[in-house]
Amino acid sequence: MDKTEETATAPALTLAQKIAVGSGASFWRTRAAPGIRSLTLADGPHGLRGQGEKEDHLGIGASRPATCFPTASALGSSWDVDLLAEVGAAIGAEAVAQDVDVVLGPGVNMKRNPLCGRNFEYFSEDPLLSGKLAAAWIRGVQLTGTGTSLKHFALNNQETGRMTTDVRVDDRALHEYYLPAFEIAVEEAQPTMVMSAYNRVEGEYCSENSRLITEILRRRWGFRGAVVTDWGAMNDRVAAYSAGVDLEMPGGASDAEVRAAVDTGRLHERLVDESVERMRELAARIAERGNADPGDLYERHHALARRVAAECGVLLKNENGLLPLAPGSRVALLGALAEKPRYQGTGSSRVSPTRLTGLREGIAAYAVAGYAPGYRLSERYDAALLAEAVRVAEAADVVIVCVGLTEISESEGFDRDHMSIPANQRALLDALAHLSERVVLVLAGGSAVEMPWEASSAAILHMQLAGQAGGAAAADLLFGVVNPSGKLAESYPLRYRDVVSSGYFGMRPEQTPYLESMYCGYRYFDSADVPVRYPFGYGLSYTTFDYSGLRVDVRGDHAVEVTFTLTNTGGRDGAEVVQLYVSPRTGGVHRPVQELRAFTKVMLAAGAAQEVSLHLDRRAFAYFDPASQDWAVERGDYELRIAAGSQDVRLTSVVSIDGVEPRRSAVAEWYHRPAGPPTLADFLTVHEPFPPVVAPGRGTFDLNSSLFDIKDASPVCRLLFRGVERSVARHTGGRVDYRDVRFRMLMHSAAGLPMRNMAQMSQGMMSPRLARFIVDSANGHTVRGLWALLRARAASGRTDTNSEHVCRLPVKAITGQRCDRACERHRSEDRRFRAAKDGICTC
């Protein structure tokens, strides 16, 4: 049956039913309609967080147990597309077992700055690596009949002010750096859904941005699925329909507004129809599977999680071949994180694991280890714990110390304050400095950290956030059962101030100009010649690899085939991540000194050799031309760099590529030769002038203001803020404690929510009218706002004693008609519209 026949046989829906399909039935379910079944959605880029009907998008409440795989930050370090497909298939299978239709992931936002609190949910600072891994994950999930939701589209690169910040980015950075990961995932895997982000882009909310959703996502990339908002990200549902958004989650109270817009001609019903058809196709595309018997599914997936975590581990340092350790070694194991592992981040992706293996348990399979915690996870200094740890260490042949970011350090909802590990952990490392020749550090954390303490150890194994089997996987790597093959998917700077955006990241959250353009991560460090602690693509092995015999074949339409021989010259089997960077030599438009354009992971037995081929297409040499809104290739020379890491180039060749005449960009010199932070004046040479967003104050607060913004503006606001603090505390241990990660995350997610969204996300505790009153009070109009609130409540009570809902439609369109034209809640009641003074009828 073709699409025309299928549409013709689909049940006809009333306008009210069509509109209802575009808004969630509950926190995790979509609405059903004739011919369109309801779907269950669940968080879970690295494992399912199925909560049934519980209303919690922040990971505070419990969820059904599921396999907790390594987070995306760790998976990125595997550089293994086949492995990502396996993980996706496993998560999809668990979705089938738990009757989940759509898994909300993966996240492919760029790691613009190391302090982004949600970096652990994203793969990399590089769009090619992120896009290829995401596409593989999506294919794996969708092979099980489960849907996916690629997120957060687009430019959601910070948590500070994420609900409203206005991102300003130049067109080249948008297309060359921030969008390609989405583009690759869409074109190579066709996810069933794409999730729009909270923030604004060039002044428009992502859920209303027709350039992003209709022009780029649908028309240019050919996306055929449905677009859903992030939870609470809807600003104006009528505008969202026009932009191409299909589903508001969770369900709001906006159906009447949409109906009014259709009836008055402000919204064409055709757009609603198109959205309904996409929702119909979404439901049809996701197989209705019922509950499957999982059998030994979770045991098998625990074993898979262990294998995956081992593939993601990155060996950063190994002086004098200290690793691998011999089984049975006399080992001292130090660090509270070894017993209470940090294995995932906090927030909406928080999984309840089926099992949990820490490093202490993992090492017990290989050696008897004396243990001392050495520090408190609360980050409070404890001299007695430190002294005990030193005594245990001095009695051992090898000292394994587990350090890293604690739970308070990184979470959805807020950005990190700095790049350091806790001071009490640094004190332990200082105390062990005299033993450095026999100290092995096992590092945990979902994003880059400063490492001034690197010299306190001879070896460093970075496990990142390794999932529920991470402790066993780390032991497998430490004792050589598995050869390390992970490589960093982000740069590790020497210090935070070396990051190009460090001077302005998160400083003015109301508006976020990306002054540095596409110069993020290694694109900046390599172009500006800034030294780093560990470069992008870096990782050691217990074996060695030789690169030789480079051959380059230039074909038609800018296609290039690169072939060479890779040999495992060491004594152990192992895998090598091969990277191909392109370095333009045209002298034309401003560009990073090099960019990753192809990669592959090759497994070789000791002594074996293999011919490796990497393909480059036209896009590998192209830049985005804002004038033509298309891709262009400059004529000239390009150096091809076969590398084991961005700063470990093994083979090179220069090719001449035909194209347009190179022209030097007429932009600030900083973009041709970046050094230090750029200025706003520099940025305005690559971006059109734009109106600055001024942080609102008393008298200018509006419904986009958050409770954090207005908490001190009036007694009413202060009272409400304290009430929210107490309410959050009841869910997180009973105390108002901003050092508790759950409290801090929930406060930022609640008090950082725009007042316009409070009614939707507060589970009925705040109505739209009450939100308006709070804003009026913040602006110094408490009495006037209270009068308006009481008058509105009185009007609601006269018309419907059982509900606060009021239907509002222009008088001209509906005078004398039944209320069911506008409001499904009243459809069975014989109510008539009355004219109000403002030209709006209320029923």
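Just so you know, these numbers use all the heavy atoms, side chains as well, and skip hydrogens, waters and symmetry mates. Throughout, residue positions are numbered sequentially from 1 according to the sequence presented. None of these values were measured; they are calculated from a predicted model.
Comment: Arg342 does not engage Glu407 in a salt bridge, judged by the lack of any side-chain N to carboxylate O separation of less than 4.0 angstrom. Remark: Arg722 does not engage Glu725 in a salt bridge, criterion side-chain N to carboxylate O under 4.0 Å. Ion pairing between Glu516 and Arg112 holds under the 4.0 Å rule for side-chain N and carboxylate O. Using a 4.0 Å cut-off between charged nitrogen and carboxylate oxygen, Asp740 and Arg744 do not count as a salt-bridge pair. For Glu450 and Arg495, the salt-bridge test fails: no basic side-chain N is under 4.0 Å from an acidic carboxylate O.
Between Asp498 atom CG and Ser491 atom OG the span is 11.5 Å, to the nearest 0.5 Å. The line from CE of Met463 to OH of Tyr343 is 15.0 Å long, rounded to the nearest 0.5 Å. Separation of atoms CD1 (Ile774) and CG (Leu703) is listed at 11.0 Å; rounding is to 0.5 Å. A distance of 9.5 Å separates CG in Leu150 from CH2 in Trp137, rounded to the nearest 0.5 Å.
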*asked:* Would Arg355 and Gln468 count as a side chain to side chain donor-acceptor pair (under 3.5 Å) here? Give the steps.
replied: CA-CA 6 Å; Arg355 290 171 55 186; Gln468 68 179 52; over 6 Å; no

*Report the C-alpha separation of Arg168 and Asp166 in whole Å, then their side-chain angles, then the decisive distance to 0.1 Å, and conclude whether the salt bridge (Lys or Arg N to Asp or Glu O under 4.0 Å) test is met.*
CA-CA 6 Å; Arg168 298 284 171 161; Asp166 176 24; 2.9 Å; yes

*Could you walk me through whether Arg376 and Asn424 pass side chain to side chain donor-acceptor pair (under 3.5 Å), step by step?*
CA-CA 8 Å; Arg376 294 183 181 275; Asn424 60 352; over 6 Å; no

*Would Tyr534 and Glu454 count as a side chain to side chain donor-acceptor pair (under 3.5 Å) if you check the C-alpha gap in whole Å, the side-chain angles of each, and the deciding distance to 0.1 Å?*
CA-CA 11 Å; Tyr534 293 112; Glu454 179 194 41; 2.3 Å; yes

*Glu410 vs Arg416, salt bridge (Lys or Arg N to Asp or Glu O under 4.0 Å): CA-CA, chis, key distance, verdict*: CA-CA 6 Å; Glu410 49 185 347; Arg416 294 163 64 195; 5.1 Å; no

*Can you list the steps and then say if Thr512 with Arg200 is a side chain to side chain donor-acceptor pair (under 3.5 Å)?*
CA-CA 10 Å; Thr512 309; Arg200 290 177 282 178; over 6 Å; no

*asked:* Walk me through whether Asp382 and Leu386 qualify under side-chain contact (heavy atoms from CB on, under 4.5 Å).
replied: CA-CA 6 Å; Asp382 189 317; Leu386 191 151; over 6 Å; no

*Would you please test Phe414 and His748 for ring-ring contact (aromatic ring centres under 6.0 Å, His included) and show each step?*
CA-CA 7 Å; Phe414 57 88; His748 277 269; 5.5 Å; yes

*Evaluate side-chain contact (heavy atoms from CB on, under 4.5 Å) for Thr732 paired with Arg735, printing each intermediate quantity in order.*
CA-CA 7 Å; Thr732 59; Arg735 292 188 305 161; over 6 Å; no

*asked:* Before you tell me yes or no, could you show the steps for Arg772 and Asp776 under salt bridge (Lys or Arg N to Asp or Glu O under 4.0 Å), namely the whole-Å CA-CA distance, both residues' side-chain angles and the distance that decides it to 0.1 Å?
replied: CA-CA 6 Å; Arg772 177 74 262 178; Asp776 286 340; 3.4 Å; yes

*Could you check Thr71 against Glu121 for side-chain contact (heavy atoms from CB on, under 4.5 Å), going step by step and ending with a plain yes or no?*
CA-CA 6 Å; Thr71 65; Glu121 279 195 56; over 6 Å; no

*Go through Asp101 and Leu41 one step at a time and tell me if the side-chain contact (heavy atoms from CB on, under 4.5 Å) criterion holds.*
CA-CA 6 Å; Asp101 297 294; Leu41 288 62; 5.8 Å; no

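Checked by atom type and distance alone, the side chain of Asn199 never pairs as donor or acceptor with a backbone atom of Met163 at under 3.5 Å. Judged by distance alone, the side chain of Glu159 and the main-chain N or O of Asp415 form no donor-acceptor pair under 3.5 Å. Thr229 places a side-chain N or O within donor-acceptor distance of the main-chain N or O of Met249, the cut-off being under 3.5 Å. Between the side chain of Asn156 and the backbone N or O of Ser196, no donor-acceptor pair lies under 3.5 Å. Counting only distance, with no hydrogens or angles, the side chain of His152 and the backbone of Ala154 share no donor-acceptor pair below 3.5 Å. Remark: side-chain polar atoms of Lys111 are paired, donor with acceptor, to backbone N or O of Tyr122 under 3.5 angstrom. A donor-acceptor pair under 3.5 Å is absent between the side-chain atoms of Glu388 and the main chain of Ala372, judged by distance alone. Without hydrogens or angle criteria, Thr165 side chain to Arg162 main chain gives no donor-acceptor distance under 3.5 Å. Gln511 contributes a side-chain N or O that, together with a main-chain N or O of Val693, makes up a donor-acceptor pair within less than 3.5 Å. Without hydrogens or angle criteria, Arg718 side chain to Asp712 main chain gives a donor-acceptor distance under 3.5 Å.
Pro45 has its side chain within reach of Ser349: a pair of non-hydrogen atoms, C-beta onward, lies under 4.5 Å apart. Contact of the Leu443 side chain with the Leu461 side chain is not registered, since no non-hydrogen atoms from C-beta on lie closer than 4.5 Å. Taking 4.5 Å as the limit, some side-chain heavy atom of Asn235 sits within range of a side-chain heavy atom of Asn704. By the 4.5 Å heavy-atom criterion applied to side chains, Val314 and Ile460 are not counted as neighbours. At a threshold of 4.5 Å between non-hydrogen side-chain atoms, the residues Gln344 and Arg350 count as touching. Side-chain contact between Phe123 and Pro106 is present, with heavy atoms from C-beta onward closer than 4.5 Å. Under the 4.5 Å side-chain criterion, counting only non-hydrogen atoms from C-beta, Val442 is in contact with Leu359. The shortest side-chain heavy-atom distance between Val201 and Cys206 falls under the 4.5 Å cut-off.
A donor atom on one side chain and an acceptor atom on the other are found under 3.5 Å apart for Ser501 and Asn113. No side-chain N or O of Ser124 forms a donor-acceptor pair with one of Glu490 less than 3.5 Å apart. Donor-acceptor pairing under 3.5 Å is recorded for the side chains of Ser777 and Ser714.
Val403 and Tyr375 make their closest contact through CA-OH, 4.0 Å (heavy atoms, listed as atom of the first residue, atom of the second, distance). When all heavy atoms of Cys68 and Pro353 are compared, the closest pair comes out as CB-CB, 4.1 Å. Summarising the geometry of Tyr492 relative to His462, their closest heavy-atom pair is OH-NE2, 2.7 Å, with the distance given to 0.1 Å. Counting all heavy atoms, side chain and backbone alike, Val694 lies closest to Glu510 at C-CG, 4.4 Å. Nearest heavy atom pair, residue Cys312 against residue Leu75, reads SG-CA, 3.8 Å. The shortest heavy-atom contact between Gly780 and Arg698 is CA-NH2, 3.2 Å.
Using bins of under 30°, 30° to 60° and over 60° for the plane-to-plane angle, the ring pair Phe743/Tyr738 lands in the perpendicular bin. Taking the six-membered ring where tryptophan is involved, the planes of Trp28 and Trp231 are tilted, since the angle between them lies from 30° to 60°.
Screening Tyr205, Phe182, Tyr178 for a ring pair (Phe, Tyr, Trp, His ring centres under 6.0 Å) involving Phe153 leaves a single residue, Phe182.
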